[in-house]
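All heavy atoms count here, side chains included; hydrogens, waters and symmetry mates do not. Each chain gets a letter, A, B and so on, in the order its sequence line appears, and its residues count up from 1.
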Protein chains: 2
Amino acid sequence: MNTKGATPEQYGLDTGGLSSLQIEVARKLMPIISTGRWAVGEKISDAALAREFGISRTPVRQVLQFLAEIGTVAQTDNRGFTLVRPPPVDENVDELVPPSEVDTLYRQIMHARANGLIGSEASETELLEYFGTSRGTVRRTLIRLSAEGLAERRDGHGWRFAECLDNRQAVNESYAFRAIIECGAVMEDTFCADPEALEALEREQTALLNAPLASIEGSAWFEANARFHETVVSWSNNRFLVQSIRRQNSLRRMTEYAEFAELSEAGVRKAARDHLAILEAINTDDRKLASAILFRHLSRSPAGAAVTPGRIED
Amino acid sequence: MNTKGATPEQYGLDTGGLSSLQIEVARKLMPIISTGRWAVGEKISDAALAREFGISRTPVRQVLQFLAEIGTVAQTDNRGFTLVRPPPVDENVDELVPPSEVDTLYRQIMHARANGLIGSEASETELLEYFGTSRGTVRRTLIRLSAEGLAERRDGHGWRFAECLDNRQAVNESYAFRAIIECGAVMEDTFCADPEALEALEREQTALLNAPLASIEGSAWFEANARFHETVVSWSNNRFLVQSIRRQNSLRRMTEYAEFAELSEAGVRKAARDHLAILEAINTDDRKLASAILFRHLSRSPAGAAVTPGRIED
DNA sequence: TTTTGTATTATCGATACATATAAATCACTT
DNA sequence: AAGTGATTTATATGTATCGATAATACAAAA
């Protein structure tokens, strides 16, 4: 691999002139359009979107102008943007709007870590040469990893990566940890479910329960689960509990890169049923029941008999 | 305020020529010497210390040379360093070895936030000018805050601080979190106390129970507590539980500086008694009892009646 | 009055170079 | 052989500047 003077283009990345924030916006916006929030011909307000995303109008307008170039929207003088036709299907998104450099490197590092290609410690320069990116990208990626608890600066020089959930022991500990955190969260005095969010989760889990297995993407399944657990814990209104679950999700996401968890019919349905039962219990404010189901849900059978070794079910 | 070409000295910081890593080492090393690990005249091995701290010999030697300058140790040709006399009492530590710029700014930001001097959102430049430090320091401090979940980058520009870094709320959440973690740890199947460590803790806590209040250093008290809780959780044999408590301890170590936890006779004795009762229960393997005492120990009275607002008792 | 388009300003990111300093190596003493 | 001191090398930091771009302010149109 060429490690010197590498430009993004060499790696097939053509950012199409969009900045990283703009890329982020584009990748958020396109699915929204796809799901039909606006009818064809309807006006799309840049100011509203800016407010929704919590940023200024400038990057939003730039993305809309980009979408105008590819014919998704049209800009009329003094009348703003209107939808012409929904953007090309989501699968092309990566091609149309490639992930930012940081996103890419983030994935590469996670992948390399999960497969043992890089050790638990590394200096910036090492990574820089190994992946052939710029120092800044490496730096920002590491900062992001550290914000998620997946890496931390060592005293002196270099970075240390979190160990991955790469062995039976670590996975078991992770489950035990989550059981403690999540059951504790549900039983907190300050726990208070948000009805809207609860309903959204119910819809999502019901869909997972009924959809044909073949139509469920592995990553979609993972993210739905992660969202379920994180949302439930967030109702505890305790930032440290939430932070812990986020970290766990990040760790689990990382191992997901290594193994392509094949979904088993039984596992998926069981998990979705559990999730729905938990939501139901929360909805009727039977927190003890919710906690009990959660505990069982997160308890691995001690022998690990029913579970393929090293596989992550939920 | 002059923001260009500013040197630490202009702000009253005299780092004594020590780098941030060296400062850290010095502040770790001096208490170790104080507790009498080495007798006067005994040799202090730089290599061993470097190994212990997980860094190279270079910064350790520089610190030792600094300690030689102030007469704590002596360097003899080809015979390394030997202890001459324990370093000046801990209270002078800040004066002798001022905290690093990042440490300082960290505390300043926490303090400013807690007192409403800065809002929940701020740009780097704002902080930079407000506190009169360098860009790099601001950056690294923010990164650290974000790693601890107390701040996060906003999309676009600027940073957002955690909702209420105003301490009351955060401290309550911290207590609730620790109660969940520690009680969960004690009740784990894999929990197994190490007799030696248990005995050591008992000795330490007994000493705290009986010592005259005036003789108890605030920081020593804090560290003993931190050690107690971390050790108990470590017996759960769950790396994630241990990690969580470590993080909590380091967070508390920082906030402790912001508020000057004055020790109250009643508080100190009560805590030490609680700790001893917990150890006793663990020793007889009555884990339910241990967990119950722990829970009460970590529960703040809801009205907060007995506790000075914003004070950290344990 | 609200929304849109444009101009201005503020902030951050990228880069480069000089400096500081931590790590690694090696020779020497004990 | 182990530990120490000095040297070399690698790495990170500090500072400054420039350019990109996000935020904001403002003018014009609906």
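Among residues two or more places apart in sequence or in another chain, the salt bridge (charged side-chain N to carboxylate O under 4.0 Å, His left out) test is passed with B/Arg37 by B/Glu52. With sequence neighbours excluded, the residues satisfying salt bridge (charged side-chain N to carboxylate O under 4.0 Å, His left out) with A/Arg27 are A/Asp94. When the side chain to side chain donor-acceptor pair (under 3.5 Å) test is applied to B/Arg57, the partners found at least two apart in sequence or on another chain are B/Asp46. Partners of B/Arg139 according to the salt bridge (charged side-chain N to carboxylate O under 4.0 Å, His left out) rule, which considers only residues two or more places apart in sequence or in another chain, are B/Glu124. For A/Arg227, the side chain to side chain donor-acceptor pair (under 3.5 Å) partners are A/Glu204, not counting sequence neighbours. Checked against ring-ring contact (aromatic ring centres under 6.0 Å, His included), A/Phe81 has no partners two or more places apart in sequence or in another chain. For B/Glu121, the salt bridge (charged side-chain N to carboxylate O under 4.0 Å, His left out) test picks out B/Arg154, B/Arg160, with sequence neighbours left out. Annotation: side chain to side chain donor-acceptor pair (under 3.5 Å) contacts of A/Gln62 (sequence neighbours excluded): A/Gln22.
Annotation: proximity of residues 72-83 of chain A to DNA chain C (heavy atom, distance under 4.0 Å) is found for A/Gln75, A/Thr76, A/Asn78, A/Arg79, A/Gly80, numbered in ascending order. The stretch residues 45-56 of chain A touches DNA chain D through A/Ile55, A/Ser56, each having a heavy atom within less than 4.0 Å of the strand.
Remark: C1' of D/dT24 and CZ of A/Arg61 are 14 Å apart, rounded to the nearest angstrom. What separates CH2 of A/Trp159 from P of D/dA10 is a distance of 22 Å, to the nearest Å. Between B/Leu21 atom CG and D/dA10 atom C1' there is a gap of 16 Å when expressed in whole angstrom units. Going from atom CD of B/Gln62 over to atom P of D/dA6 covers 13 Å, rounded to whole Å. Rounded to whole Å, the distance from CD on B/Glu121 to P on D/dA22 is 17 Å.
No more than 12 heavy atoms of other residues, nucleotides or ligands lie within 6.0 Å of CD in A/Glu196, so this atom counts as exposed by the packing criterion.
Five base pairs at each end of the helix from C/dT1-D/dA30 to C/dT30-D/dA1 define two local axes, and these are offset by 40° (rounded to 10°).
For A/Gln22, a side-chain nitrogen or oxygen approaches OP1 or OP2 of D/dA22 to under 4.0 Å. Distances shown here put every side-chain N or O of A/Arg57 at or beyond 4.0 Å from the OP1 or OP2 atom of D/dT21. Taking only side-chain nitrogens and oxygens, A/Ser19 comes nearer than 4.0 Å to OP1 or OP2 of D/dA22. Considering only side-chain N and O atoms, A/Arg153 lies under 4.0 angstrom from the phosphate OP1 or OP2 of D/dT13.
Each of B/Thr58 and A/Glu124 lies near DNA chain D, and the nucleotide nearest B/Thr58 is the one positioned closer to the 5' end. Where A/Asp155 and B/Ala122 meet DNA chain C, the nucleotide closest to each residue was compared, and B/Ala122 sits on the side nearer the 5' end.
The line from CG of A/Leu21 to OG of A/Ser100 is 10.5 Å long, rounded to the nearest 0.5 Å.
Protein chain B touches strand DNA chain C; the 5'-most and 3'-most nucleotides with an atom under 4.0 angstrom of its non-hydrogen atoms are C/dT11 to C/dT29.
If you check every strand for non-hydrogen atoms under 4.0 Å, B/Arg139 touches sugar and phosphate atoms only. Using a 4.0 Å heavy-atom distance criterion, B/Thr125 is classed as a sugar-phosphate-only contact. Residue contacts for A/Ser123: at a heavy-atom cut-off of 4.0 Å it reaches the sugar-phosphate backbone alone, with no base atom in range.
Between B/Leu127 and B/Leu142 the shortest side-chain heavy-atom distance falls below 4.5 Å.
Of the candidate nucleotides D/dT13, D/dT11, D/dA23, D/dT13 has the atom nearest to the side chain of B/Arg140.
Proximity of a side-chain donor or acceptor of B/Arg85 to a complementary backbone N or O of B/Val40 within less than 3.5 Å is not detected.
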